[in-house]
Amino acid sequence: MTTKQNNVVIIGGGFAATKCAKTLRKSLPRDNSRILLFSRENHMVFHPLLADVVGASIHADSAAATLRQMLPGVECRTNVINRIDVEAGRIEYQNDDGQVDRMDYDHLVVACGADSNLAMIPGMSDHAFPFKTMRDAVLLRGHIIQQLEKAETCDSTERRKVYLSFVIIGGGFSGVELAGEVNDLIRQSTRFYRNFSYDQIRITLVHSGDHILPEVSSTLRDFALKKMERVGIEVLLNTRAAAATPEGVGFPDGSLIRAATVVCTIGTTPADIVEHLDVRKERGRIVTDADMRISGLQNVWAVGDCAYIKNAFDDQPSPTTAQFADRQGRQAGANIVRVLRGEPTHPFYFKPLGQLCSIGGRRAVAEMLGLRISGFSAWLLWRSIYLLKLPTWSRRIKVGLDWFSDLIFPRDLGTLRAGESQPLTGAYYRPGDFIYRQGDPADFFYAIEQGEVEVLRRINGSHDDRAFAFLGPGDFFGEAALVQDPFYQVSIRARTVVRVIVMSRNVFSKIAGMMAPSRGILTEIVRRRSQALWLHLPALRDALSKQPLSSFIEPPPLQTLKPDSTLQQALATLAESGLGFLVVLDDEQRLHGVLNSADVANALILIVSTPEERRRDATQVQVRELLPADSFTISSDDSSLLAASTMLEHGLSWIPVIVSKSDRRLKGSVRAAKISYWLLQELGKQTVIGPQTATLG
């Protein structure tokens with residue numbers, strides 16, 4: 001008689017997952033138990049040492065242990081889990097061909113941790129480094145060293161300050177340890193550079209709370225703060241980062257720390273597999289019973305950072321730290337063994353051993369078994385304990401040798417730059433931020449995802465930038481990168497909060513070169529922009545910029561619609577007015593948008609495709625649902641130059657005029673034909689237009 005084989009599947013590759021796998025493999029016989037561990041990476045990252053990787057006190061591979069080497073007897077796979085079917089007892093995953101495969105399980109352990117969530121602060125996902133994986137640490141270390149190299153060769157004092165400024169968001173264990181290691185790396189390395197010195201380095205730790213390291217006692221917190229400030233780390237308490245931009249970190253009061261390096265150590269989000277698991281959750285974490293089974297399920301368990309587990313020691317939720325994850329993995333594995341043997345399970349119970357945190361400068365703070373230690377002795381204790389906690393002897397020896405070398409030799413400043421370029425990147429800007437200035441090198445092409453930008457040009461050789469157009473979602477700028485101009489001919493400034501997609505000159509040229517239709521469209525738009533004669537004739541441009549917009553404003557049309565008007569009413573009004581557009585206003589005459597004949601025609605096409613019995617209802621659709629998202633307006637306090645440029649840029653024959661940006665009451669409209677006629681009259685007043693004046697570009 002054959003014995004049924006038990007399949008135990010573990011999802012994750014961190015402390016909890018690996019400890020659970022070790023416990024199961026040690027306790028279950030190999031002939032009737034199969035243990036499979038699914039992890040996106042083929043190695044386990046020892047997170048407490050990530051800061052040391054950034055600070056170059058250890059090598060990256062020393063803090064990462066290969067899973068299949070540290071877990072003999074456990075099947076390790078890097079397939080991505082797509083779905084968990086708890087009712088059928090099955091997982092779905094992608095095989096090597098990208099197809100969906102399925103696997104049944106007898107017991108499932110969800111230990112996939114949590115993902116970084118930089119989106120909680122605007123612009124962080126575009127301009128800040130996350131700090132969670134080994135890849136994050138390696139990329140950050142390389143970036144920091146590149147900033148030192150740029151500072152060494154930079155001729156501008158202001159740009160050098162930016163290269164040598166580093167901002168770290170978050171004053172918990174990760175942020176404090178990272179700040180300390182980055183500070184040690186940079187300040188110890190200044191002796192190898194000639195064009196900047198120790199006192200030009202600026203490292204800032206930004207924390208929203210009253211004190212750093214809220215998990216430790218006030219005595220140790222104060223010690224850590226004092227020592228960090230003494231070695232040159234600036235700590236900003238009770239300070240929240242409002243946004244990250246290409247210039248640095250902005251704050252709610254409008255101030256900005258200009259820095260080329262921003263690291264965000266706060267913010268997590270549930271992993272996709274947890275997000276889509278239909279079970280009870282608390283703050284994004286899976287709620288478990290006392291024995292770590294997911295509430296309501298008998299054979300599915302959750303441990304680690306993705307789980308909300310009450311600790312029977314103090315009846316409090318377990319914190320998301322390495323020591324708790326390690327103990328949860330061990331006890332969950334033991335409970336699964338008990339279930340397979342028909343024995344009762346035990347609740348999770350763990351008395352914390354203490355807390356350790358390195359603060360740089362060969363100092364640390366520690367609370368262990370009721371004792372509080374700080375300084376060099378705490379730093380030795382920190383290194384000793386984490387050395388012993390490394391999962392394999394090979395890693396312990398490697399890290400030990402790296403740390404010993406760090407005591408004698410300077411830190412390694414070598415970095416590899418392979419694979420760092422991205423075809424497309426995102427960028428975030430606050431209102432008033434310059435994306436680029438007239439005369440800057442034309443290296444990038446931009447497309448607007450969100451917000452509006454102003455196009456500015458210096459008038460008559462002055463240093464004042466004046467707006468002559470603005471662009472919105474779907475528009476692009478920086479086409480000087482397309483036509484191979486060495487410098488930008490205008491300045492671009494964010495008018496509102498702006499998100500853009502950025503493409504380098506080389507990548508853009510390759511794409512435009514391969515896609516002939518796209519190249520033709522872009523060339524036509526560039527040609528249309530260059531046809532604005534008044535834009536290139538200083539006399540006409542100046543005259544238009546001085547001409548009040550009020551001289552071109554015409555009264556609002558008599559026939560208007562309301563947002564709740566129906567499509568049928570819109571058709572009737574459009575036919576009666578004889579115009580090719582309709583203005584949509586609310587009861588207080590605020591502009592909601594403009595509906596043109598093309599929008600109505602598209603709606604009619606949809607109605608024709610609607611089943612006949614539902615067509616009558618379709619004609620009752622409200623106008624607000626038909627309005628396009630990209631309706632352009634100008635304010636009555638904007639310039640005539642801006643109105644003309646905007647209509648030219650977007651191929652508009654007219655544009656609505658509202659009272660102001662904050663008051664959307666319709667004041668009237670401006671027609672392109674009226675401005676063109678005025679420009680023609682102005683052109684007639686000029687007796688001579690020399691060849692240099694008429695030259696475009």
Side-chain angles (χ1 to χ4, degrees), residues 8-22 24-25 35-54 58-84 91-98 101 103 108-118 129-142 174 178 263 265 267-275 302-307 320-322 325-326 328-329 386 389-392 394-396 398-399 416 418-420 422:
V8 182
V9 175
I10 302 170
I11 302 175
F15 286 97
T18 54
K19 182 60 72 172
C20 182
K22 278 186 176 181
L24 289 168
R25 187 70 289 164
I35 302 168
L36 300 100
L37 185 143
F38 287 81
S39 173
R40 287 177 293 185
E41 305 289 346
N42 78 334
H43 58 268
M44 171 193 161
V45 177
F46 197 72
H47 288 93
L49 297 185
L50 281 183
D52 286 60
V53 174
V54 176
I58 63 174
H59 290 90
D61 61 348
S62 300
T66 306
L67 290 171
R68 62 182 66 255
Q69 290 178 325
M70 65 179 288
L71 298 173
V74 175
E75 295 183 41
C76 298
R77 301 188 175 190
T78 56
N79 306 89
V80 175
I81 305 292
N82 293 333
R83 180 172 173 267
I84 300 173
I91 61 169
E92 295 180 358
Y93 63 92
Q94 293 180 6
N95 63 20
D96 60 301
D97 290 331
D101 270 352
M103 178 183 295
L108 174 69
V109 182
V110 182
C112 52
D115 294 331
S116 296
N117 179 24
L118 272 62
F129 285 85
F131 186 62
K132 191 170 183 64
T133 67
M134 184 58 67
R135 181 178 182 273
D136 296 338
V138 172
L139 289 177
L140 177 56
R141 175 183 175 273
S174 295
L178 179 61
V263 189
T265 66
T268 59
T269 189
D272 287 342
I273 196 70
V274 172
E275 186 74 27
V303 290
D305 291 359
C306 68
T320 55
T321 60
D326 185 89
Q328 288 167 5
Y386 280 131
K389 282 184 172 293
L390 285 165
T392 64
S394 65
R395 288 304 179 275
R396 292 169 192 164
K398 284 187 175 183
V399 170
L416 299 176
E420 66 181 47
Q422 300 182 44

Closest non-hydrogen atom pair, [X] against [Y]:
X    : Y    : answer
T18  : F15  : OG1-O, 3.2 Å
D115 : A271 : OD2-CA, 3.5 Å
V53  : H59  : CG2-O, 4.2 Å
A60  : V138 : CB-CG2, 3.7 Å
V303 : C306 : O-SG, 3.5 Å
F131 : A51  : CZ-N, 3.6 Å

So, taking the atom named [atom1] in [X] and the one named [atom2] in [Y], what distance separates them when rounded to the nearest 0.5 Å?
X    : Y    : atom1 : atom2 : result
R77  : L37  : CZ    : CG    : 11.0 Å
E41  : T133 : CD    : OG1   : 7.0 Å
I273 : Y93  : CD1   : OH    : 13.5 Å
R141 : L50  : CZ    : CG    : 13.5 Å
E92  : D101 : CD    : CG    : 10.0 Å
M44  : T66  : CE    : OG1   : 12.0 Å

Donor-acceptor contact present, side-chain [X] to main-chain [Y], <3.5 Å:
X    : Y    : value
N79  : Q94  : yes
Q328 : G304 : yes
R68  : C76  : yes
S39  : N42  : no
R395 : D61  : yes

Just one of I81, I10, I11 clears the side-chain contact (heavy atoms from CB on, under 4.5 Å) bar with C112, so which one?
->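 Among I81, I10, I11, the one that satisfies the side-chain contact (heavy atoms from CB on, under 4.5 Å) with C112 is I11.
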
In this structure, which one of V9, V274, V110 forms a side-chain contact (heavy atoms from CB on, under 4.5 Å) with I84?
->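 Per the side-chain contact (heavy atoms from CB on, under 4.5 Å) rule, the option paired with I84 is V110, out of V9, V274, V110.
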
Where does the angle between the aromatic ring planes of Y386 and F46 fall among parallel (under 30°), tilted (30 to 60°) and perpendicular (over 60°)?
->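 Because their plane-to-plane angle is over 60°, the rings of Y386 and F46 count as perpendicular.
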
Any chance you could lay out the side chain to side chain contact (heavy atoms under 4.5 Å, CB included) test for D52 and V399, step after step, and finish with the verdict?
-> CA-CA 10 Å; D52 286 60; V399 170; over 6 Å; no

Close side-chain approach of [X] and [Y], heavy atoms under 4.5 Å:
X    : Y    : answer
K22  : M70  : yes
K398 : L390 : no
V263 : V54  : no

